[in-house]
Structure formats: structure tokens, C-alpha cells
Asker: 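Dropping a structure here in C-alpha cells format, bear with me for questions.
Computation of the quantities below employed the complete heavy-atom set of this structure, encompassing side-chain atoms and omitting hydrogens, waters and symmetry-equivalent molecules. Residues take their numbers from the sequence shown, with the count starting at 1.
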Amino acid sequence: MDRYRRYLRWLRRATYAIAIYLVVAYLLVGVNPSDALLHPGANLAAFRGVVVQGLVLVGFIIVQFVAMFWFLARGNDYVIYPNEYDVSFDDVRGQPAAVDATKEVLRVFQGFKDFKQMGGYPPHGILFEGPPGTGKTLMAKAIAGATGVPFLFATGSGFSNMFLGIGNLKVRRLFTKARNMSDKYGGAVIFIDEIDAVGARGGVSDRSAPREGTDRFVMGAGMNGGGGMGVINELLVQMDGFTVPRGLWRHVRRIVLRSRPKVPFYNILVIAATNRASSLDPALLRPGRFDRKIHVGLPDSEGREDIARYYLAKVRHEPIDFSKLARMTVGYSPAMIKNIVNEALLFALQDGRDALRWDDLWQAKLTEEIGLKQPVKYSDREKEMVAVHEAGHAVTSYALQRGERQIQVITIQKRESALGLVSSQAIEEMYLSTQKQLLAQVQVSLAGLVAEEIWFGQTTSGPSSDLVNATRIAAVYVGLYGMGRSLVSVGAAGGGLLDGDPIGSVIRDPDRRREMDAILDDCRTRVRGLLTAKRSVVEGVRDALLVREELIGDEIEALMADLGEREPLDVEVPVLPGAPAHLPAGPSGNGVGGANGDGRA
């Protein structure tokens, strides 16, 4: 029975073949089915031209698709060969801890054979993460100049493509090229810049901005002011997947020599940089892929001084107080310090000098922080209102935050969207904020609005950004820092300060909203009493602004001394009903660890 079934299957296949033959002969050659069955040889000879044409057409289509995919999958990686890059770790300034950690990994990478003999496995990857401009890419350039092996550079966005699968081919080609160079040179380094463009979890967007050391209180001009997961999976497999023997020799060893093929080892170090490490897929961050995550953060005072010395050594300049320059650039990244030096040199050239001075650096700093001056003519009424608004901010900040923050500029000249502003900066790095410091920030934010109420009996649209800033500080005060009635943190629901909109959660809570109102109202009352008591000082600053329009640095200190401002005032912490007891807070002022005091309408 099985034999007959087999014969029937073969008969069915033959019937299909004959039917296809007859249909093709009739459609392509025009031969009747009866003639096709009686004279198969002649018909097959007639098929020759059709077959050749079909083969040419199919070959053209195949070549076209292969060429298109080859072109799309070429990638945008670039190879830097040994001794082609002159950047070294001496050029990476202000990041000693990150540099030492990177050198440690590179020592293991370069001596991987000894490390393997000891029983360890060489590091697979380094992830540089931190705020923009802190030197992550510069660190990669230093690695390119120090490793002595080929350095392959690619960008995360370069793996994106409109066709599904092209990104996978780009990743595969990149690692294939690295393996070939590892065989030839004894190692290879792959650097993927902005890896979050390809390695982020789907639907995640978490861009955290570093806190700067500068607060600005501005008067604004009113209220009008596909295939990703496939690429990630391919990257995961290439970084730590199966490594199989390659080439013809593996078959010779297996078949002829009857020996086990040797699994190759490729000494490849993958380096990536991102500003958003929290958005990366957790599988990328596990050991075996990115073994070490190195945070490249903002430099401290010594780091900023070292960076300033490094860049100023490359330009002509008059004697500069580097320690003072480091103090006035709190919260600056290395890229920002480099830009200030370059802008200062431009100011010197515009002034007809061949060397920059301290005042050039100061002007460059103001331009970096508050923008260029814009020639706008106010009416006398508007000019006085802006001057009173900024004088209220300045006097309150000077009274409550002196010793911890220094006012850099008070201006009523329009810069960008701000009609006027008071810019202050922390005197030294601070990483925590006390209750008094947060309340001082709220009071300084509300001072412009209160000054308008005292002097003009009404407010303007200018304090809108100040109210946003004060509201945000009050929200974190009661909802995140445990300084209000409840110790329950809304940040626990979202896993972090920036996840799940904790500020919005606090504002939407009726009880905490009432608590915020009480804090804001108390601060408003205290600022009203302070400005009323210092009415002559506010008017003195107002008059100086109406005459000079802008007060900078030492001019502010001299004016405050002439107006009798000497000792800072203490900030009282209001006792809210039901609030938990706290330890005595530190001195008044603004701290680095709290909410940012930057806002504009």
C-alpha cells in the first residue's frame, strides 16, 4: 500500500510538471498543447531565448536589490588607525576620576592575554554618561590616540533607516570590520556616540538637565513668550553573543584532521557615550556588555581652574586670577569654559587688542548666561516698573542669600525674552539645600511681584516666570523633600524626580496645594515686610538702574555698601500645623541641591 502511495505522489508531481510545461509553451511560445506533447525537443529549443531573457531579467533584479541593500547598509562608521590621532589623556582636563577609571580599563584591554591567563575576562564595554559638554567625546578621542589599535567611530543615529533590517546590517558590518581588525592588529575599539538614539527603551524620554550654579530672576514680556528594537537586539547579540569559528580551515580541522575547531577570541572594546543613561535598555547595561559605567560630570573648583589654565594657555592674555575665574564659573562644563575663553578673545579682537583681559572674560560670561543686549526703548513708565521689579529681587537676594550667593548683574536692558533680570551665582559648590535656603529662593522669586504691589499698587505680566519658579520650589518642599506636614514623597510613585511628573502630582493634591498656598503666602508676607523696611535701599537700586541701566559685580557691592547694607538677614522657617519636627537648619541662602531658580515668562 505504501508503494502505491509513493507511485501516486510521483505521478502527481509529473502531472504538475507537464501541466506547467504546457501552460508555459502556450503562453510564451504560442505552441498548442498537442504539438507540445508530440514535439517536446523542438519546443524546448524554442524556450532557450525565453529562458535567457528571464535569467537576464532575474539577474538584473537581484543585482539591483543587492546593490541597494549594500549601499544602504554601508554604515557611517569611520576608522582611525594607530598614530593618526594626536589627542591624549593630558588634553582631558577637570575629570581626574573618569580619566583614571578609563586608563584602568585600557590597561586590561591592552594586556588582555595576561588577564585571561589569570582567569579573568577582558572588559567588553565602557559607557560614558553625564551632562552635555563634560568631555565624553573628548575622552573617546583620547582613547583613540592612546590604544594603538584601530578605532571605529559611529553614531547612534547612523543605524536608523527607513527599511526594516538595514540597521541590523549596519551593526553587523561594524562588528565584522572590528573582528577583522582585531585579528590583524591584536585589538580594535568601537565608539558609538549618542547611543541613546538606538539603544533607548521604546517610549522612554528622560532628558535630565544639570543644575547650574546661576539663578536668574527675570521680568518677561508677558505669557506669549521602525526597527529600533531590532537594532537593539542586534547590538546585544554582537556585544555578547555566540562567537563561532569562521573560514575554510574549520572544516579541514573537523573533517580531515578530526579535531575540534577552535573558537576564536576577538579583543574588541565597545565604548559608548550618552546624556541619557537612564533611558537605555537594561540589557545593554548589564556586565558582559557595558561592564563599566563612568560618570563624566561637571568639574569642581579645582577642575574648572585646571580647565581654564589649559585653554587660556593657548591664547594670548594678560594676567588672570584663575581661582577667581573658577569661582565665577560654578556649574560650568568644560565646553562652556572653552567657549567663554573663545568669546573673550573675540571681544578683545573687536576692541583692537591682541590679548584678552579679565573684563573680556566677564563680558563673555554674561553673554553666555543671559544673552546679548537688544536695543529696545522702554517708555518712562515701563522703565521704572522694570527697575523696581529688579531692585526688589536684588535687595531681597542680597539680604537673604549674601555669603552663599553673589549677585553678578542687575540689568533693565532687554536680553533675549527678558525685559530685565538679576543674575546671581553660588560662591562655592553646595550639594544640599536646607529649609531656610529653599524658603529664601521662594522669597527672592516673589520679591519682584511684591515690589510692584508696594510701589505701584498692582502687578504686571512680568512676574509670571517668578511665580512658576516659586511654585515649583514650594512643590518639592512639601512633596519631595519631606519638609511639609507629610513625609510621604510623590517621587516614590514614579521612581525619580523626573519620572511621572511629581510637581504636577503635588499641585493636584488638594491638601498639599493648600500647604503650598500657605508657604507662598507666608513668604509673600515676609518679603513685603522686608522691602517695606528697606524701602530706601530698593529706591536707591532703582535710581541707579534708571541712570546706568546695568550694574555689574563690584558696582553692586559698592552701591549696597553706600546704601547701608551690611549683614545678611536670617530666614525664619514657618511652623505649619501638623508638620514634623526638623533639626535646626543651616544659614540662609540658596543651595545647589534644591530646585532651580531659573525661569522666564
Asker: Output all residues satisfying side-chain contact (heavy atoms from CB on, under 4.5 Å) with Ala344, sequence neighbours left out; order by chain, then residue number.
Answerer: Leu356, Asp360, Leu361, Ala364
Asker: With side chain to side chain contact (heavy atoms under 4.5 Å, CB included) as the test, would you mind laying out the steps for Gln443 and Leu400 before giving the verdict?
Answerer: CA-CA 9 Å; Gln443 293 182 37; Leu400 301 181; 3.3 Å; yes
Asker: Quick one, Asn275 and Lys136 - any side-chain contact, counting heavy atoms below 4.5 Å?
Answerer: yes
Asker: With heavy-atom distances below 4.5 Å as the criterion, would you say the side chains of Leu235 and Leu284 are in contact?
Answerer: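 Leu235 reaches Leu284 side chain to side chain.
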Asker: Can you pull the salt bridge (charged side-chain N to carboxylate O under 4.0 Å, His left out) pairs that have at least one residue in residues 97-109, sequence neighbours excluded?
Answerer: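 For residues 97-109, and leaving out neighbouring residues, the salt bridge (charged side-chain N to carboxylate O under 4.0 Å, His left out) pairs sorted by first residue read Glu104-Arg292.
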Asker: From Ile556 CD1 over to Ser424 OG, what is the distance, rounded to the nearest 0.5 angstrom?
Answerer: 10.0 Å
Asker: Show the nearest heavy-atom pair for residues Leu438 and Ile473, with the distance to one decimal.
Answerer: O-CG2, 3.7 Å
Asker: Can you sort out the partners of Lys383 under salt bridge (Lys or Arg N to Asp or Glu O under 4.0 Å), two or more places apart, ordered by chain and number?
Answerer: Glu549
Asker: Using the side chain to side chain contact (heavy atoms under 4.5 Å, CB included) rule, take Ile195 and Leu280 through it: C-alpha gap first, then chi angles, then the decisive distance, then the call.
Answerer: CA-CA 8 Å; Ile195 194 174; Leu280 295 180; 4.0 Å; yes
Asker: Residues two or more places apart in sequence or in another chain: which of them pass side-chain hydrogen bond (donor to acceptor under 3.5 Å, both in side chains) with Asn339?
Answerer: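 Only Glu368 meet the side-chain hydrogen bond (donor to acceptor under 3.5 Å, both in side chains) criterion with Asn339.
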Asker: Would you say Arg542's side chain and Ala391's backbone share a donor-acceptor pair under 3.5 angstrom?
Answerer: no
Asker: According to side-chain contact (heavy atoms from CB on, under 4.5 Å), who are the partners of Leu449, at least two apart in sequence or on a separate chain?
Answerer: Glu453, Thr459, Pro463, Leu467, Arg524
Asker: Is there a side chain to side chain donor-acceptor pair (under 3.5 Å) between Gln435 and Tyr477 once you walk through the steps?
Answerer: CA-CA 8 Å; Gln435 288 178 273; Tyr477 184 96; 3.0 Å; yes
Asker: Hey, could you give me each pair passing salt bridge (charged side-chain N to carboxylate O under 4.0 Å, His left out) that has a residue in residues 311-333? Not counting sequence neighbours.
Answerer: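 Qualifying pairs, neighbours excluded: Arg316-Asp354.
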Asker: Using the rule given for side chain to side chain contact (heavy atoms under 4.5 Å, CB included), can you reason through Ile410 versus Glu550, listing the C-alpha separation, both sets of side-chain angles and the distance that settles it, and then say yes or no?
Answerer: CA-CA 6 Å; Ile410 312 171; Glu550 188 169 271; over 6 Å; no
Asker: Hey, does the side chain of Ser464 reach the backbone of Ser461 with a donor-acceptor pair shorter than 3.5 angstrom?
Answerer: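 Yes: the side chain of Ser464 pairs with the backbone of Ser461.
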Asker: Can you name the salt bridge (Lys or Arg N to Asp or Glu O under 4.0 Å) partners of Glu194, sequence neighbours left out?
Answerer: none
Asker: Is it true that a side-chain atom of Asp466 and a backbone atom of Leu446 form a donor plus acceptor pair closer than 3.5 Å?
Answerer: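 Not at all, since once roles are kept as given, no pair shorter than 3.5 Å links the two residues.
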Asker: Taking atom types as modelled, is there a side-chain donor on Tyr378 or Glu384 under 3.5 Å from an acceptor on the other?
Answerer: no
Asker: Can Tyr332 and Glu369 be counted as having a side-chain donor-acceptor contact under 3.5 angstrom?
Answerer: yes
Asker: Looking at Glu390 and Ile412, what are the two nearest heavy atoms and their distance?
Answerer: CG-CG2, 4.3 Å
Asker: Drop me the distance from Leu563's CG to Met560's CE, to the nearest 0.5 angstrom.
Answerer: 7.0 Å
Asker: Shortest non-hydrogen contact from Asn469 to Ser445?
Answerer: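 The answer is ND2-OG, 2.7 Å.
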Asker: Measure the CG-CD1 distance between Leu345 and Ile340 for me, rounded to the nearest 0.5 Å.
Answerer: 13.5 Å
Asker: Using a 4.5 Å cut-off on heavy atoms from C-beta on, say whether the side chain of Leu269 contacts that of Leu106.
Answerer: yes
Asker: Residues in side-chain hydrogen bond (donor to acceptor under 3.5 Å, both in side chains) with Trp455, at least two apart?
Answerer: Glu539
Asker: Please check if the side chain of His295 supplies one atom and the backbone of Phe128 the other of a donor-acceptor pair under 3.5 Å.
Answerer: no
Asker: Would the number of heavy atoms belonging to other residues, nucleotides or ligands and lying under 6.0 Å from OH of Tyr85 be above 12?
Answerer: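 Atom OH in Tyr85 is not packed in, count stays at 12 or less.
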Asker: Kindly indicate whether the side chain of Leu419, heavy atoms from C-beta on, has any atom under 4.5 Å from the side chain of His389.
Answerer: no
Asker: Between Lys414 and Gly420 (side chain of the first, backbone of the second, donor and acceptor by atom type, cut-off under 3.5 Å), is there such a pair?
Answerer: no
Asker: Kindly write out the residues that satisfy side-chain contact (heavy atoms from CB on, under 4.5 Å) with Arg548, not counting sequence neighbours, or none if the list is empty.
Answerer: Ala544, Leu551, Glu555
Asker: Using every non-hydrogen atom in the two residues, find where Ala394 and Val422 come nearest and quote the distance to one decimal.
Answerer: N-CG2, 4.1 Å
Asker: Rounded to the nearest 0.5 Å, what separation is found between the CD1 atom of Ile552 and the OG atom of Ser423?
Answerer: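 The OG atom of Ser423 is 10.5 Å from CD1 of Ile552, to the nearest 0.5 Å.
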Asker: Spell out, as yes or no, whether a donor-acceptor pair under 3.5 Å connects the side chain of Lys293 to the backbone of Leu285.
Answerer: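 The answer is no, because no donor-acceptor pair under 3.5 Å joins these two groups.
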Asker: Compile the donor-acceptor pairs under 3.5 Å between side chains in residues 137-153 and protein atoms, sequence neighbours left out, one pair per line.
Answerer:
{"residue": "Thr137", "atom": "OG1", "partner": "Asp193", "partner atom": "OD2", "Å": "3.4"}
{"residue": "Thr147", "atom": "OG1", "partner": "Ile143", "partner atom": "O", "Å": "3.2"}

Asker: When you look at Leu127 and Ile294, which way does the side chain to side chain contact (heavy atoms under 4.5 Å, CB included) test go after all the steps?
Answerer: CA-CA 6 Å; Leu127 178 65; Ile294 298 177; over 6 Å; no
Asker: When you compare the side chains of Thr460 and Glu452, does any donor N or O come within less than 3.5 Å of an acceptor on the partner?
Answerer: yes
Asker: What distance separates Leu439 CG from Leu520 CG, expressed to the nearest 0.5 Å?
Answerer: 10.0 Å
Asker: Do you know the tightest heavy-atom contact between Ile503 and Arg472?
Answerer: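 Heavy atoms of Ile503 and Arg472 come nearest at CG1-NH2, 3.9 Å.
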Asker: Testing the 3.5 Å rule here: is there a donor-acceptor pair between the side chains of Tyr310 and Asp91?
Answerer: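 Present: a donor and an acceptor within the cut-off.
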Asker: Would you mind reporting whether Ile271 and Val189 have side-chain heavy atoms less than 4.5 Å apart?
Answerer: yes
Asker: Using 0.5 Å steps for rounding, measure from the CD atom of Gln95 to the OG1 atom of Thr102.
Answerer: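 If I round to the nearest 0.5 Å, the distance is 10.0 Å.
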Asker: For Asp543, enumerate each residue passing the side-chain hydrogen bond (donor to acceptor under 3.5 Å, both in side chains) test, keeping only those at least two apart in sequence or located in another chain.
Answerer: none
Asker: In terms of side-chain heavy atoms, does Gln401 have a donor or acceptor partner in Gln437 at a distance below 3.5 Å?
Answerer: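 Short answer, no.
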Asker: Determine the minimum heavy-atom distance between Ile190 and Ala178, stating which atoms define it.
Answerer: CD1-CB, 3.6 Å
Asker: Strictly distance-based, threshold 3.5 Å: is any side-chain N or O of Ser279 a donor or acceptor partner for the main-chain N or O of Arg276?
Answerer: yes
Asker: Decide yes or no for Ser323 and Glu305: does some side-chain heavy atom of the first lie under 4.5 Å from some side-chain heavy atom of the second?
Answerer: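 Result yes, sub-4.5 Å side-chain heavy-atom pair found.
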Asker: Below 4.5 Å, heavy atoms only, C-beta onward: do Arg353 and Phe347 meet side chain to side chain?
Answerer: no
Asker: Checking Thr274 now: which residues fulfil side-chain hydrogen bond (donor to acceptor under 3.5 Å, both in side chains) with it, not counting sequence neighbours?
Answerer: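 Thr274 satisfies side-chain hydrogen bond (donor to acceptor under 3.5 Å, both in side chains) with Asp196 once adjacent residues are dropped.
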Asker: Would you say Leu325 and Trp358 make side-chain contact, with heavy atoms under 4.5 Å?
Answerer: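 A side-chain contact under 4.5 Å exists here.
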